[in-house]
Number of protein chains: 2
Amino acid sequence: MRTDGRLARMLHVLVHMGLLGGRETSERIAQMLNTNPVVVRRTLGALRDHGIVESEGGRGGGWKLKRSLDQITVLDVQQALNEGAIITAPISRDHPNCPVERASNAVLEEAHVAAEAQLLAKYASTTLAHIADIALAEGIGSAHTQ
Amino acid sequence: MRTDGRLARMLHVLVHMGLLGGRETSERIAQMLNTNPVVVRRTLGALRDHGIVESEGGRGGGWKLKRSLDQITVLDVQQALNEGAIITAPISRDHPNCPVERASNAVLEEAHVAAEAQLLAKYASTTLAHIADIALAEGIGSAHTQ
DNA sequence: CTTTCCGCAACAATAATTGTTACGATATAT
DNA sequence: ATATATCGTAACAATTATTGTTGCGGAAAG
């Protein structure tokens with residue numbers, strides 16, 4: 001199964017935008033992400049709908065953070081991208097009335113719900129400013145030294 | 001993304017096999033799972049390679065548990081089916097040398113590794129006998145009342 | 001030696017994200 | 001006004017993983 005890379009990509013680009021401070025076009029952001037401007041609009045559009053960034057069309061337009069890095073958590077970004085659960089219990093629906101299938105599913109559900117709760121708590125307590133600090137401690141934060 | 005239903009399906013069928021006690025053919029197991037005998041062989045084959053079940057060909061053959069239900073944990077089944085991680089951190093690989101991307105990935109990795117550790121602990125402490133108990137408490141455990 | 005099993009290869013079906021092209025809408029500069 | 005730079009969106013191919021299916025071979029029991 002292909003991994004859904006949207007969360008990581010958005011964290012990456014939002015931190016860059018916070019460090020750079022100005023407005024960025026979909027074209028430049030696409031280069032940061034090694035991808036296409038349309039993919040950027042598609043994904044950043046979801047963040048705009050949740051008040052994390054704002055966009056302006058026309059000459060001189062582009063994308064800008066609507067809050068500072070310390071006011072955005074990983075959880076904010078995650079929830080803007082995916083309204084559903086992060087970790088989905090891999091339950092089966094072959095015989096919904098079979099007590100054994102229901103018991104198996106119930107055990108899996110319980111374990112996954114607990115793991116997801118822990119994950120969400122971690123997401124909620126991690127701000128993008130924290131990520132920026134780690135990046136700055138390791139190297140130059142705003143350049144792609146590739 | 002389609003959910004990987006193999007773990008839930010295997011828990012389901014292993015508990016049935018434990019409760020029934022005898023040998024089951026791929027054909028009958030496929031009916032329990034609403035699927036095809038080939039899919040059953042494919043998946044149970046992995047469990048055989050890990051010593052959870054055994055198979056015999058020819059007339060009177062089929063599949064049988066190699067250990068009792070209280071000697072098989074959910075973790076055993078999970079690891080037989082998938083050698084990799086259960087929860088994969090959705091990291092990005094767009095600019096591997098970019099400190100910001102690395103910092104984002106590191107934060108995600110750390111959170112997911114912690115969540116997976118909790119999940120594995122839960123899997124390890126849950127036996128198939130436990131699932132069977134839940135099923136028996138709710139209804140008849142060996143019949144498909146559909 | 002026939003029937004009943006599993007073993008395995010090959011390929012279509014399904015589902016989700018990503019990548020790409022094309023066209024429209026809008027705002028700015030000249 | 002008109003050209004230009006941007007986002008907005010629809011449509012479709014590419015990719016990837018599991019599932020479903022068919023077909024043929026091998027092995028064991030009777």
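A, B, ... follow the sequence lines: proteins, then strands. Residue 1 opens every chain. Atoms considered below: every heavy atom in the structure, side chains included; atoms not considered: hydrogens, waters and symmetry mates.
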Just grab all the side-chain hydrogen bond (donor to acceptor under 3.5 Å, both in side chains) pairs involving residues 111-120 of chain A, residues at least two apart or on different chains.
-> A:His112-B:Tyr123
How close or far is atom P of C:dT18 from atom CG of A:Leu7, stated in whole angstroms?
-> 11 Å
Which residues pass the salt bridge (Lys or Arg N to Asp or Glu O under 4.0 Å) test with B:Glu27, sequence neighbours left out?
-> none
Here the distance between atom C1' of C:dC6 and atom CZ of B:Arg23, to the nearest Å, is 12 Å
Nearest to the side chain of B:Asn36, which nucleotide is it out of C:dC8, C:dT20, D:dT21?
-> D:dT21
With a non-hydrogen cut-off below 4.0 angstrom, is B:Arg9 in contact with a base, only sugar-phosphate, or nothing?
-> sugar-phosphate
Kindly say if A:Thr35 contacts the phosphate of C:dG19, meaning a side-chain N or O under 4.0 Å from OP1 or OP2.
-> yes
Salt bridge check: are A:Arg9 and B:Glu101 linked by an N-O gap of less than 4.0 Å?
-> no
Roughly, in whole Å, what's the span from CG in B:Asp49 to C1' in C:dG7?
-> 12 Å
Round to a whole Å and report the spacing from CG of B:Leu33 to P of D:dT21.
-> 13 Å
Side chains of A:Thr25 and A:Trp63: is there a donor and an acceptor less than 3.5 Å apart?
-> no
Give one of base, sugar-phosphate or nothing for A:Arg48, where a contact means two heavy atoms less than 4.0 Å apart.
-> sugar-phosphate
In whole angstrom, give the distance that lies between atom CZ of B:Arg28 and atom C1' of C:dC5.
-> 14 Å
Enumerate the residues from residues 53-66 of chain A whose closest heavy atom to DNA chain D is under 4.0 Å, giving them by residue number; use none for an empty result.
-> A:Ser55, A:Glu56, A:Gly57, A:Gly58, A:Arg59, A:Gly62, A:Trp63
What's the CG-C1' distance between A:Asp94 and D:dT19, to the nearest Å?
-> 11 Å
Contact nearer the 5' end of DNA chain D, comparing B:Val38 with A:Arg42 = A:Arg42
Any donor-acceptor N or O pair under 3.5 Å, side chains A:Arg6, A:Thr43 = no
With respect to B:Met10, which candidate in B:Leu81, B:Val15, B:Val53, B:Val74 satisfies the side chain to side chain contact (heavy atoms under 4.5 Å, CB included) definition?
-> B:Leu81
To the nearest Å, give me how far apart CG (A:Asn34) and C1' (C:dT17) are.
-> 17 Å
Start with the C-alpha distance between A:Glu56 and A:Arg23, add both sets of side-chain angles, then the distance that settles salt bridge (charged side-chain N to carboxylate O under 4.0 Å, His left out), and finish with yes or no.
-> CA-CA 9 Å; A:Glu56 268 189 32; A:Arg23 217 180 271 282; 3.6 Å; yes
In whole angstroms, the gap separating P of C:dG19 from CD of A:Gln31 amounts to 14 Å
Using heavy atoms to find the nearest nucleotide of DNA chain C for A:Arg41 and B:Glu27 separately, return the residue whose nucleotide is more 5′.
-> B:Glu27
